[in-house]
Amino acid sequence: MFTALLLGLVAFVAQSEYALGTSLLSRPIVTGLFTGIIMGDVKAGVILGATLELAFIGSFSVGAAIPPDVVTGGILGTAFAISSGGGAETALLLGLPIATLVLVLKNLYLGFVLPVLSHKADKYAEQGDARAVGRMHLIGGLGLSLMLGLVVTISYYTGSDAIKQVLDAIPTPIQTGLQIATGLIPALGFAMLARLLINKQVVPYFFLGFLIVAYLDISITGIALLGGILAYIIVNLTQKPQVATYDGGGSDYDDEDF
Amino acid sequence: MMTKISKENNIEKTNTKVTRKDLNRIFWRSFQMEFSWNYERQMNLAYTYALIPLLEKLYKKREDLSNALKRHLEFFNTTPHIVTMMLGVSAAMEEQNAENPDFDEGSINTVKASLMGPLAGLGDSFFWGTLRLIATGIGTSLALKGNVLGPILFILVFNIPHIAIRYFLTSAGYKMGTGFLQRLQEKGMMSKLTLGASILGLMVIGGMSASMIDITIPATIGSGDSATAIQDILDGIMPKLLPLGAFAIVYWLLGKGIKATTILLGIALVGILGTWIGIFA
């Protein structure tokens with residue numbers, strides 16, 4: 001039980017890398033070291049951690065995609081491999097499915113719990129209560145660290161099958177359905193932001209950006225560069241009178257490099 | 001102006017200057033940028049959190065503070081390690097806004113929206129693509145031999161440049177923001193900026209809507225050889241038709257004054273029901 005608690009603590013701290021500058025503390029190569037220390041076999045922990053690190057190398061978040069959960073996958077994979085005396089393949093065999101299953105839980109949290117806190121923050125902002133807005137942020141972050149810590153503690157305590165059983169108990173349509181819903185949720189964020197910027201004059205540019213990506217599949221950086229050039233052209237075209245009164249200096253047009 | 005540490009003992013009148021101390025607080029708070037990351041508005045809570053001490057200092061009137069908090073609670077996402085650059089720019093703009101009643105508040109968010117994409121493009125490729133891979137290479141090669149230095153070097157190789165860059169960008173962003181704003185005011189170019197930034201911002205939001213809203217209908221109609229995936233038909237009309245439709249529906253619902261939380265629940269229900277009757281899977 002004590003080991004389970006300590007492993008949970010490692011998960012809690014690892015997930016809290018997101019409060020510590022996204023400093024990669026949650027990566028298996030780091031958690032492997034600490035798991036090894038707790039399990040009494042530092043060398044095995046470091047080696048297993050490195051193996052899992054390479055297995056999870058593609059698993060990091062860019063943009064809106066959340067990868068399988070390396071915190072629980074890394075710690076539990078390493079811990080079960082050491083406790084069962086298995087090698088790297090045991091760590092991989094257990095770590096990868098755990099990471100994928102816990103992603104379901106994590107998605108629920110990121111897709112439904114945190115947005116609710118975010119909406120509460122909107123209300124506090126309305127009242128001008130800055131402290132309460134900050135509190136929503138902290139509660140949201142700590143909640144997830146706590147959740148992953150508990151998952152690790154409980155899973156280690158009850159054995160590797162337990163977590164799989166709990167997650168399997170959720171009916172498949174609900175699991176898949178929520179997974180699909182997380183793909184739709186960004187629409188809400190984008191629509192709220194668009195509502196803020198849109199006026200009649202600039203509506204077409206939303207569609208232009210959308211269509212260029214839809215048909216040509218270029219990156220967001222590409223869109224931003226195109227958008228910058230276009231903005232420069234349009235501003236100069238539509239605001240001609242100001243160009244006429246422009247009296248040298250040249251720096252007028254430097255706004256695009258900002 | 002920013003290196004001059006203002007003497008904090010002038011108690012009279014509101015203090016509307018951003019000091020080195022304010023920027024340092026922003027720097028430290030920026031470490032939490034992904035702590036409250038969420039699917040709906042991503043880094044919105046953390047971005048606001050980083051600015052709270054400054055906003056409280058700049059805006060003494062409850063209404064002004066409320067507006068400032070609300071605008072930063074909108075969608076935001078970029079590479080977390082370089083977010084201080086955006087925070088610095090925002091700090092400069094908020095400072096301007098607090099001093100100048102004619103300042104266009106909306107421009108604070110348009111600038112955020114138009115810069116976050118390009119910055120993320122740069123930051124993601126450098127931090128995730130380059131620096132992380134170097135750290136992983138060095139770390140794992142040692143760790144696979146059981147050497148404890150592996151994980152330690154992994155952390156150091158990534159974080160020493162990371163923290164240095166994060167720190168440097170805080171004041172660089174602020175300087176860029178103030179310099180840029182001064183030039184803007186001199187030449188009366190605010191309307192140009194607002195238009196340009198809206199164009200750029202909306203193109204980026206449009207692009208992100210196409211690439212990040214993820215919904216397809218893999219179900220088929222007909223049977224045997226004549227079976228056709230509905231998604232193929234939709235793609236024939238226009239790629240990404242469903243994400244555009246999803247965006248349009250949500251946009252319309254927001255316009256009707258439907259609460260965001262209600263829409264969120266609706267999305268969950270659509271996902272579950274759609275899967276249950278077999279449209280989505």
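Chain A is the first sequence line, chain B the second, and so forth, proteins listed ahead of strands; every chain is numbered from 1. The structure displayed is predicted, hence computed values, not measured ones.
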Residue among Gly32(A), Pro115(A), Gly140(A) with most heavy-atom pairs under 4.5 Å to chain B
Pro115(A)

Side chain, backbone, both or neither: which part of Asp129(A) has an atom under 4.5 Å from a heavy atom of chain B?
backbone

Chain A heavy atoms under 4.5 Å from Thr136(B): which part of the residue, side chain, backbone, both or neither?
side chain

Contact class of Lys145(B) relative to chain A, heavy atoms under 4.5 angstrom
backbone

Pick from Leu273(B), Val204(B), Leu244(B) with the largest number of heavy-atom pairs that fall under 4.5 Å of chain A:
Leu244(B)

Measure Thr31(A) against the heavy atoms of chain B and call it side chain, backbone, both or neither at under 4.5 Å.
neither

Pairs of heavy atoms under 4.5 Å with chain A: top-ranked of Ile249(B), Ile215(B), Leu269(B), Leu144(B):
Leu144(B)

Checking the side chain of Arg41(B) only, and the main-chain atoms of Phe76(B) only, is there a donor and an acceptor separated by less than 3.5 Å?
no

Quick check for you: to the nearest 0.5 Å, what is the distance between Ile213(B) atom CD1 and Leu242(B) atom CG?
11.0 Å

So CG of Asn67(B) and NE2 of His72(B): to nearest 0.5 Å the spacing works out to 11.0 Å

At a 4.5 Å cut-off on heavy atoms, which part of Tyr109(A) comes close to chain B: side chain, backbone, both, or neither?
neither

By a 4.5 Å heavy-atom criterion (distance strictly below it), what part of Ala120(B) contacts chain A: side chain, backbone, both, or neither?
neither

Does any heavy atom of chain B fall under 4.5 Å from the side chain of Leu48(A), the backbone, both, or neither of them?
neither

Measuring from atom CH2 of Trp37(B) to atom CG of Leu110(A), what distance do you get when rounded to the nearest 0.5 angstrom?
6.0 Å

Where does Leu264(B) contact chain A at under 4.5 Å (heavy atoms): side chain, backbone, both or neither?
both

Thr48(B) versus chain A, heavy atoms under 4.5 Å apart: side chain, backbone, both or neither?
side chain

Please flag which part of Val133(A) lies under 4.5 Å from any non-hydrogen atom of chain B: side chain, backbone, both or neither.
both

Side-chain heavy atoms of Met208(B) within contact of Ile223(A), under 4.5 Å:
no

More than 12 heavy atoms of other groups within 6.0 Å of Lys70(B) NZ
yes

If I measure from the heavy atoms of chain B, does Ser118(A) come under 4.5 Å with its side chain, its backbone, both, or neither?
both

Look up atom CD1 in Ile279(B) and atom CD1 in Ile217(B), then write down how far apart they are to the nearest 0.5 Å.
6.0 Å

Check: Glu34(B)/Thr22(A) side-chain N/O donor and acceptor closer than 3.5 Å:
yes

Proximal component of Tyr215(A), with respect to chain B [non-hydrogen, under 4.5 Å]
both

Interchain contact, Met116(B) with chain A, by part (heavy-atom threshold 4.5 Å):
side chain

Leading residue by heavy atom contact count with chain B [cutoff under 4.5 Å; candidates Lys43(A), Arg135(A), Met136(A)]:
Lys43(A)

Give the minimum heavy-atom separation between Glu53(A) and Pro28(A), together with the two atoms involved.
OE1-CD, 3.2 Å

Region of Ile198(A) that comes under 4.5 Å of a non-hydrogen atom in chain B:
both

Closest heavy-atom pair, Phe247(B) versus Phe190(A), reported as atoms and distance to 0.1 Å, is CE1-C, 3.7 Å

Quick one: does NZ or CZ of Arg195(A) land under 6.0 Å from the six-membered ring centre of Tyr251(B), within 45 degrees of the ring axis?
yes

Arg29(B) to Tyr49(B) six-membered ring, cation-pi geometry met (6.0 Å, 45°):
yes

Check the side chains of Asn159(B) and His162(B) for a donor-acceptor pair under 3.5 angstrom, ignoring hydrogens and angles.
yes

Chain B contact via Leu25(A) - side chain, backbone, both or neither, heavy atoms under 4.5 Å
both

Can you tell me which portion of Ile218(A) sits under 4.5 Å from chain B's heavy atoms? Options are side chain, backbone, both or neither.
neither

Quick one: which of Thr172(A), Val202(A), Leu225(A) has the most heavy-atom pairs under 4.5 Å with chain B, could you say?
Val202(A)

Heavy-atom distances under 4.5 Å only: say whether Asp64(B) touches chain A with side chain, backbone, both or neither.
neither

Only pairs of heavy atoms separated by less than 4.5 Å count here; which of Asn44(B), Ile155(B), Leu65(B), Thr216(B) has the most with chain A?
Ile155(B)

When rounded to the nearest 0.5 Å, the distance separating NZ of Lys57(B) from CG of Leu51(B) is 13.0 Å

Below 4.5 Å, heavy-atom pairs only: which of Ala121(A), Ala214(A), Ser16(A), Gly222(A) has the largest tally toward chain B?
Ala214(A)

Quick one: what part of Leu144(A) sits under 4.5 Å from any heavy atom of chain B, side chain, backbone, both or neither?
neither

Looking at Ser66(B) and Glu126(A), would you say the former's side chain and the latter's main chain have a donor-acceptor pair under 3.5 Å?
yes

Given the options Trp252(B), Trp28(B), Trp276(B), Phe154(B), which has more heavy-atom pairs under 4.5 Å with chain A than any of the others?
Phe154(B)

